[in-house]
**Q** 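Can you read through this structure? Questions will come right after.
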Amino acid sequence: MDCIAKEIQKLKKEKDIAVLAHYYVRDEVQKVADYTGDSYYLSKIATSLPHKTILFCGVKFMGESAKILNPEKKVLMANDAADCPMAHMVDLEEIATIRTQFKDVAVVCYINSTAEVKAHSDVCVTSSNAVQIVKNLPQKTIYFIPDENLGRHVAAQVPEKHFIFGSGYCHVHADISRKSIEEAKAQSPSAKVLAHPECKAETLELADFIGSTSGILNYATESPAREFIIGTETGTRYELERMNPGKTFFFTDQPPVCPGMKSVTLDSLLDAMKNQESPVEIEPELQTNACQALSRMLELAK
């Protein structure tokens, strides 16, 4: 494994490649990345990199977002097959129907969506900036897609607006049940519960803090507490422990694991760097339309 990591570091310099990794990928992949972060951070950092090639260690919609924001750069995926089921849980015809029924509507799509969905939306959001962006929108009606759980969490904080929700969900977070958190809390009663808003509302009710992946990391780092129950994907353990030596992090008995994220390995990363096959491609018209939603996100989230 050390030999592979060394070869990756060598190729990054030789081929002018920046490696971006999401917090949910394997520990060894995060270790060799130039930048690690959540979806918002990675989408933002991708627009400021001088490298000719960006290699994404994550799922397909992340590579698409990077390509949309950087059409002149080559964008590679560390595993072309890595995908997010929720990104496809949107009916484009339903968007058109909602626009017809509600004239004063903003179609707000979670960044965990396909390029085509972004192209049909008014603005993208992430779990870290959704509340701020929705509050800043002039429209009073919000059609929030695809994640219903995140949408309802946002709606509770923006009661002055009328929300319509998509029916999508993240199966990894939706499977973090209230019962599993209660069981973890029974074993570690002093532990703080930190949960991602993609979890169901009944699970979020038990949380001491609800926030994005980066929000969870920041809370755990700044909190004087020493023990935490983490209600998000297990890949966060690497950065949580790296940033917080001496603190203890628990996950539920059935740890939440994203198969798409975990399909990215050092071997697949190295192969992508060597071969540079199947770069992410977005049709020009699709890129232009999708870029408007992503660019507006970056503008409204400043």
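Computed from heavy atoms alone, side chains included, the values below leave out hydrogens, waters and symmetry copies.
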**Q** Is Leu194 reachable from Val257 through a run of hydrophobic residues whose side-chain heavy atoms are each under 4.5 Å from the next?
**A** no
**Q** Check the angle between the aromatic planes of Tyr219 and Phe209 and answer parallel, tilted or perpendicular using the 30° and 60° thresholds.
**A** parallel
**Q** Closer than 4.0 angstrom, basic N to acidic O: yes or no for Asp122 and Arg296?
**A** no
**Q** Regarding Gln9 and Lys12, do their side chains bring together a donor and an acceptor under 3.5 Å, going by distance alone?
**A** yes
**Q** Restricting to pairs with a member in residues 30-60, which pass ring pair (Phe, Tyr, Trp, His ring centres under 6.0 Å), not counting sequence neighbours?
**A** none
**Q** Residues in ring-ring contact (aromatic ring centres under 6.0 Å, His included) with Phe250, at least two apart?
**A** none
**Q** In terms of hydrophobic clusters joined by side-chain contacts under 4.5 Å, are Val193 and Ile216 together?
**A** no
**Q** Any side-chain heavy-atom pair from Ile142 and His162 closer than 4.5 angstrom?
**A** no
**Q** If the test is side chain to side chain contact (heavy atoms under 4.5 Å, CB included), which one of Val59, Thr213, Asp38, Val172 qualifies with Tyr24?
**A** Thr213
**Q** Counting only heavy atoms from other residues, nucleotides and ligands, does the tally under 6.0 Å from CD of Glu14 exceed 12?
**A** yes
**Q** I'd like to know if the side chain of Gln276 pairs up with that of Lys74 as donor and acceptor (distance under 3.5 Å, no hydrogens or angles considered).
**A** yes
**Q** Taking side chain to side chain donor-acceptor pair (under 3.5 Å) as the test, write out the residues that go with Lys274, two or more places apart.
**A** Glu7
**Q** Under 4.0 Å between a side-chain nitrogen and a carboxylate oxygen: does that hold for Glu233 and Lys262?
**A** yes
**Q** Do Ile17 and Ile54 have side-chain heavy atoms sitting under 4.5 Å apart?
**A** no
**Q** For Glu239 and Arg242, what are the C-alpha separation, side-chain angles and deciding distance, and is it a salt bridge (Lys or Arg N to Asp or Glu O under 4.0 Å)?
**A** CA-CA 5 Å; Glu239 190 71 1; Arg242 188 189 71 80; 2.7 Å; yes
**Q** Could you tell me if the side chain of Leu20 sits less than 4.5 Å from the side chain of Leu55, heavy atoms only?
**A** no
**Q** For a quick check under 3.5 Å, do Thr97 and Thr100 share a side-chain donor-acceptor pair by atom type?
**A** no
**Q** Please examine the side chains of Thr141 and Gln139, heavy atoms only from C-beta on, and report whether any two atoms are closer than 4.5 Å.
**A** no
**Q** Could you identify which residues cluster with Val105, counting Ile, Leu, Val, Met, Phe, Trp and Tyr as linked when any side-chain heavy atoms lie under 4.5 Å apart, either directly or through a chain of such contacts?
**A** Val90, Leu92, Ile95, Ile98, Phe102, Val107, Val117, Tyr143, Ile145, Ile164
**Q** Using the test side chain to side chain donor-acceptor pair (under 3.5 Å), find all partners of Glu227 that sit at least two apart in sequence or belong to another chain.
**A** Ser190
**Q** Go through the side-chain N and O atoms of Glu116 and His120 and say whether any donor and acceptor fall under 3.5 Å apart.
**A** no
**Q** Okay, side chain of Ser180, backbone of Ser177: is any donor-acceptor separation there less than 3.5 Å?
**A** yes
**Q** By side chain to side chain donor-acceptor pair (under 3.5 Å), which residues pair with Glu182, not counting sequence neighbours?
**A** Arg178
